[in-house]
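These notes concern the structure reproduced below.
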Amino acid sequence: RRIQPAESEDPAYFDYAARFDFSDIRALAFYHGVFAPVESTAPYYAANRTNRIYAINPATGATTLVTAKAPFTISALALDAASGNIYYTEDADMTMRLGRYNLASDTHALLGTLSDPSLAYAAARNIQNLVFFAGDLYYVHSLSDDLVKVELSGAGVTAQEKVADLNLDASLGIVTA
């Protein structure tokens, strides 16, 4: 479908021609919750393969150190905005621990090891992407096409399983979020 920026049903922040210099959209995905306009100051969170988590103001680009006390080097992270938790994975090819940082209490918790062989799916490589959705975490395992779901409880990881092959079992390489 060709987006027509002049049409009355396309709000100003969907003026793709002006904002991105194109009008023929092939694929588009949005977060299923409340849409935050570009002018939002709600922070994004990032890690730089250290034990630090930073907040980034999307309007100004300013970064602020949130914590430097994660118990291990961080590879990927995901935000659960409703609970104020940031989930993160260890930058390692052996243990691949999962941690949680609570923004309100400024506390870290170790939730489990994603390479644990007792789980239905045990991670075997560094996890470089992580998404929080509907109460669970998801990632695409490195050098595979496996979409993996991590189920959580307050105390930690309760289950981990492959929920889909995204590319007919052909590797997607290294997927980053």
Given side chains that start at C-beta, do those of [X] and [Y] come closer than 4.5 Å, heavy atoms only?
X      : Y      : result
Val157 : Leu152 : yes
Thr73  : Asn51  : no
Val140 : Asp145 : no
Leu98  : Leu137 : yes

Ile74 reachable from Leu110 in the ILVMFWY side-chain graph, under 4.5 Å edges: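 Yes, Leu110 and Ile74 fall within the same hydrophobic cluster.
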Cluster check Tyr54, Ile86: I/L/V/M/F/W/Y, side chain < 4.5 angstrom: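 Result: no, two separate clusters.
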Judged by atom type as modelled, is there a donor-acceptor pair below 3.5 Å linking the side chain of [X] to the main-chain atoms of [Y]?
X      : Y      : answer
Asn126 : Asp93  : no
Ser75  : Thr89  : no
Asp146 : Val148 : no
Ser115 : Thr95  : yes
Gln160 : Tyr121 : yes
Thr107 : Asn102 : no
Asn57  : Ala62  : no
Thr158 : Glu151 : yes

To the nearest 0.5 Å, tell me how far [X] [atom1] sits from [Y] [atom2].
X      : Y      : atom1 : atom2 : value
Glu90  : Leu114 : CD    : CG    : 9.5 Å
Asp91  : Gln128 : CG    : CD    : 7.5 Å
Leu130 : Tyr138 : CG    : OH    : 12.0 Å
Arg52  : Thr67  : CZ    : OG1   : 9.5 Å
Leu77  : Arg100 : CG    : CZ    : 15.0 Å

Check: Asp106/Tyr101 side-chain N/O donor and acceptor closer than 3.5 Å: yes
With sequence neighbours excluded, residues passing ring pair (Phe, Tyr, Trp, His ring centres under 6.0 Å) with Tyr88: Phe72, His108
Contacts of type side chain to side chain contact (heavy atoms under 4.5 Å, CB included), residue Ala164, not counting sequence neighbours: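 For Ala164 the side chain to side chain contact (heavy atoms under 4.5 Å, CB included) partners, ignoring immediate neighbours, are Leu147, Leu166.
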Residue pair Leu103, Tyr45: steps toward the side chain to side chain contact (heavy atoms under 4.5 Å, CB included) verdict: CA-CA 11 Å; Leu103 290 161; Tyr45 295 94; 3.6 Å; yes
